[in-house]
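First the structure, in the form of structure tokens, and then the observations on it.
Because the structure is a prediction, the values reported are computed rather than measured. Just so it is clear: chains get the letters A, B, ... in the order the sequence lines come, proteins before strands, and each one is counted from 1.
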There are 2 protein chains.
Amino acid sequence: MNYEALLINKNLKKTFPRLKVLEILDRADGFLSADDIHSSFKDEAHSLPLSTIYRVLDSFLKEDIVHELNLDHRNIKLYEIAHKHHAHHLICVECDKVIHLKECPVHSFEEDLKETYGFKMNHHSLDFYGVCDQCQKAL
Amino acid sequence: MNYEALLINKNLKKTFPRLKVLEILDRADGFLSADDIHSSFKDEAHSLPLSTIYRVLDSFLKEDIVHELNLDHRNIKLYEIAHKHHAHHLICVECDKVIHLKECPVHSFEEDLKETYGFKMNHHSLDFYGVCDQCQKAL
DNA sequence: TCCTAAATGCAAGTCATTCTCATTAAATTA
DNA sequence: TAATTTAATGAGAATGACTTGCATTTAGGA
């Protein structure tokens with residue numbers, strides 16, 4: 001993944017914080033919170049303040065570079081590079097594991113809603129919360 | 001709706017705050033935030049502190065007396081008496097109008113997930129965000 | 001190289017929600 | 001009915017995720 005090209009392509013200035021956050025998200029294998037991103041700097045000399053991280057994430061959200069996932073059971077937002085997966089999830093409320101679901105079973109339902117209610121659709125969230133196999137055994 | 005009977009039925013002590021919150025939620029015609037509930041006391045002599053309201057709502061959630069709705073675009077939780085509607089929504093990000101959807105198009109999908117991943121399912125959220133008819137015209 | 005708007009760093013602020021702890025009250029028991 | 005136990009409440013402080021104000025820096029075009 002060419003970070004610089006992506007930023008230029010999205011008309012975002014190529015700055016150190018943006019490149020760094022992009023790299024961290026790209027190398028992560030799942031969702032990260034703003035705080036996760038912040039923490040991943042702890043051993044490096046040049047860290048980033050949380051305010052900058054939030055601003056960078058906002059600019060990425062606007063350009064659809066990242067997806068946002070709201071965790072109902074934690075009151076927290078998680079972020080992931082957008083192209084990685086479609087945005088439906090199976091979430092374990094015990095260990096916070098997130099399983100990505102590729103299928104979107106509500107696509108045609110959404111089309112119907114647009115028509116019925118005259119909505120201009122923005123996005124939809126479809127997330128399943130439960131206890132995973134391993135945590136069931138552990139409890 | 002018999003508030004006292006409901007509480008007794010759920011093994012919840014019949015207290016003034018619980019009866020009051022139940023009544024407010026029952027009389028509301030949509031979702032309310034904890035703050036909405038708090039505000040609805042402003043003209044009355046005996047109000048309730050927010051801490052109590054949150055605790056009452058928690059006890060109601062545990063007993064499935066209320067449903068909780070997380071608003072992605074506002075970072076806020078809304079509550080409604082559970083029996084009123086099934087919990088899927090079409091939400092306008094401009095005016096915060098919430099339209100209740102009766103149909104659940106992911107029921108069989110959820111059954112498949114349980115089987116495939118061995119999850120014990122807790123709940124799922126399915127919410128559509130967009131701009132409603134009226135707000136589109138107003139923009 | 002200069003210029004300007006945009007981005008950043010830092011600190012302070014916001015706001016929904018939770019917690020602490022002393023007090024009160026509900027429901028059980030004597 | 002009174003005493004007891006235990007949960008619930010009230011008030012306010014605390015938390016924690018996120019946002020904002022503002023002075024400074026920097027990217028990218030002139």
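Residue A/His38 is out of contact with every strand shown, counting any heavy-atom pair closer than 4.0 Å. Counting non-hydrogen atoms under 4.0 angstrom, B/Arg55 reaches a base of the nucleic acid.
For CD of A/Gln134, the number of neighbouring non-hydrogen atoms (other residues, nucleotides, ligands) closer than 6.0 Å is 12 at most. No more than 12 heavy atoms of other residues, nucleotides or ligands lie within 6.0 Å of NZ in A/Lys62, so this atom counts as exposed by the packing criterion. Annotation: B/Asn2, atom CG; neighbour count of heavy atoms from other residues, nucleotides and ligands within 6.0 Å is above 12. Atom NZ of A/Lys120 sits in a sparse spot, with 12 or fewer heavy atoms from other residues, nucleotides or ligands closer than 6.0 Å.
Here C/dA25 presents its P atom at 15 Å from CG of B/Leu19, a figure rounded to the nearest Å. The CG atom of A/Leu61 sits 11 Å away from the P atom of D/dC18 (whole-angstrom rounding). Atom-to-atom, NE2 of A/His73 to P of D/dA17 comes out at 14 Å; the value is rounded to the nearest Å. Note: NZ (B/Lys20) to P (D/dT9) measures 14 Å, nearest angstrom. The distance from atom CZ of B/Arg18 to atom P of D/dG10 is 11 Å, rounded to the nearest whole Å.
Checked against side-chain hydrogen bond (donor to acceptor under 3.5 Å, both in side chains), B/Asn9 has no partners two or more places apart in sequence or in another chain.
Rounding to the nearest 0.5 Å places CZ of B/Phe109 at 6.5 Å from CG of A/Leu126. Atom CD of B/Glu68 and atom CD of B/Glu80 lie 12.5 Å apart (nearest 0.5 Å). To the nearest 0.5 Å, atoms CG (B/Leu7) and CZ (B/Arg18) are separated by 7.0 Å.
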Review item, side-chain donor-acceptor pairs of residues 19-27 of chain A, under 3.5 Å, at least two apart:
| residue | atom | partner | partner atom | Å |
| --- | --- | --- | --- | --- |
| A/Glu23 | OE2 | A/Arg27 | NH1 | 2.9 |
| A/Asp26 | OD2 | A/Tyr3 | OH | 2.8 |

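B/Asn122 and A/His73 are not linked by any side-chain donor-acceptor pair at a separation below 3.5 angstrom, with hydrogens and angles left out of the test.
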Polar atoms only, N or O, under 3.5 Å: list the protein pairs with nucleotides 13-18 of chain C and their distances.
| residue | atom | partner | partner atom | Å |
| --- | --- | --- | --- | --- |
| C/dT17 | OP1 | B/Lys77 | N | 3.2 |
| C/dT17 | OP2 | B/Tyr54 | OH | 2.4 |
| C/dT17 | O5' | B/Tyr54 | OH | 3.2 |

List, with names and distances, any nitrogen or oxygen atoms from the protein found under 3.5 Å away from nitrogen or oxygen atoms belonging to nucleotides 27-30 of chain D.
| residue | atom | partner | partner atom | Å |
| --- | --- | --- | --- | --- |
| D/dG28 | OP1 | A/Lys14 | N | 2.9 |

Pick out the pairs of N or O atoms, protein on one side and nucleotides 1-4 of chain C on the other, that lie under 3.5 Å.
none

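The only member of A/His124, A/Glu103, A/Lys102 that meets side chain to side chain donor-acceptor pair (under 3.5 Å) when paired with A/His88 is A/His124.
By the 4.5 Å heavy-atom criterion applied to side chains, B/Phe119 and B/Leu113 are not counted as neighbours.
Rounded to 10°, the helix from C/dT1-D/dA30 to C/dA30-D/dT1 has 30° between the axis fitted to its first five pairs and the one fitted to its last five.
Remark: side-chain polar atoms of B/Tyr79 are not paired, donor with acceptor, to backbone N or O of B/Val66 under 3.5 angstrom.
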